[in-house]
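This one's a predicted model, so the numbers in the text were calculated from it and none came from an experiment. Each ligand, and each atom within it, is numbered from 1 in the order the structure gives.
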Amino acid sequence: MIENKCEAILEKHYEKKGSIISILQDVQETFGYIPEDAVFWFAERLNIPASNFFGVVTFYAQFYLKPRGKNIITACCGTACHVKGAEPIINRMRADLAIAEGEDTTSDGQFTMEKLACIGACSIAPVVIVNKKVYGSMTPEKVSRMIKEYEKSSPR
Ligand code: FES
């Protein structure tokens, strides 16, 4: 099945003489992330070392090697947010979502937790972003309530 989808992407790019980046963009759009098997498939078919693909994937923040959750919760870890208590907020998020250390997505695929450097909203630090919506002056309690609200709209 992965082969059929990769074949369709390849056909499109043969015609357009696509670059590694545009192939990877299509792979991510098709699968929601970049499956390693797809990278090896394209590497073999195009006779390009897989390391070239992985080099691009790891360089650009827009590419993901693992499936992402339906909801993306991003905590700012810039200096202002750190000073105003980002760490306890992140710990609460991890505990409430039951995301294991070293993981970033809930086992049911509903939530992915990310950290970012300063997002330029220091005046309302600490900041958390959920699905592109920005929440300022967060506390562990507020983040807990917010997660419950999102869980209601995305039952696990
Ligand atoms: S440090 Fe978090 S918004 Fe600037």
Side-chain angles (χ1 to χ4, degrees), residues 2 5-6 9 13 16 18-40 42-43 48-156:
I2 192 170
K5 290 181 175 173
C6 290
I9 294 169
H13 287 276
K16 287 178 119 196
S19 67
I20 287 181
I21 291 182
S22 51
I23 288 173
L24 288 170
Q25 282 169 333
D26 275 2
V27 169
Q28 184 154 287
E29 201 180 301
T30 302
F31 297 102
Y33 71 109
I34 312 279
E36 285 188 13
D37 287 352
V39 170
F40 290 119
F42 279 100
I48 296 172
S51 57
N52 290 19
F53 285 92
F54 286 118
V56 173
V57 170
T58 50
F59 183 79
Y60 291 101
Q62 61 171 302
F63 294 126
Y64 308 104
L65 282 166
K66 288 198 288 187
R68 305 182 85 216
K70 201 168 143 198
N71 299 287
I72 310 296
I73 305 188
T74 309
C76 178
C77 294
T79 307
C81 288
H82 178 75
V83 168
K84 290 200 164 183
E87 206 55 41
I89 290 169
I90 291 165
N91 292 341
R92 179 67 70 90
M93 278 164 57
R94 187 173 288 286
D96 284 6
L97 294 170
I99 295 177
E101 203 56 50
E103 293 296 326
D104 52 16
T105 300
T106 54
S107 53
D108 60 5
Q110 287 296 320
F111 294 90
T112 288
M113 196 178 130
E114 296 178 333
K115 295 182 196 173
L116 267 187
C118 178
I119 59 147
C122 307
S123 60
I124 56 167
V127 175
V128 170
I129 305 169
V130 186
N131 302 335
K132 298 188 178 155
K133 188 168 176 198
V134 177
Y135 296 87
S137 307
M138 291 306 282
T139 62
E141 293 70 34
K142 282 185 188 172
V143 95
S144 260
R145 282 200 295 274
M146 188 185 70
I147 287 171
K148 279 199 185 82
E149 286 305 310
Y150 278 93
E151 281 176 332
K152 269 190 221 156
S153 53
S154 298
R156 304 172 83 177

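Scanning for ring pair (Phe, Tyr, Trp, His ring centres under 6.0 Å) contacts around Phe63 gives an empty result, with sequence neighbours left out.
Within a 6.0 Å radius of CD in Glu29, other residues, nucleotides and ligands contribute 12 heavy atoms or fewer.
The only option from Phe59, Phe42, Phe40 that meets the ring-ring contact (aromatic ring centres under 6.0 Å, His included) definition with Phe54 turns out to be Phe40.
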Original post:
Under the side-chain contact (heavy atoms from CB on, under 4.5 Å) criterion, do Ile90 and Met113 qualify, and how do the steps go?
Top reply: CA-CA 9 Å; Ile90 291 165; Met113 196 178 130; 3.5 Å; yes
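Residue pairs meeting the side chain to side chain donor-acceptor pair (under 3.5 Å) criterion with at least one partner in residues 49-61, sequence neighbours excluded, do not occur; the list is empty. The side chain to side chain donor-acceptor pair (under 3.5 Å) analysis of residues 81-91, with sequence neighbours excluded, yields no pairs.
For a distance threshold of 2.8 Å, the protein N, O or S atoms nearer than that to atom 4 (Fe) of ligand 1, listed by chain and number, are Cys118 SG, Cys122 SG.
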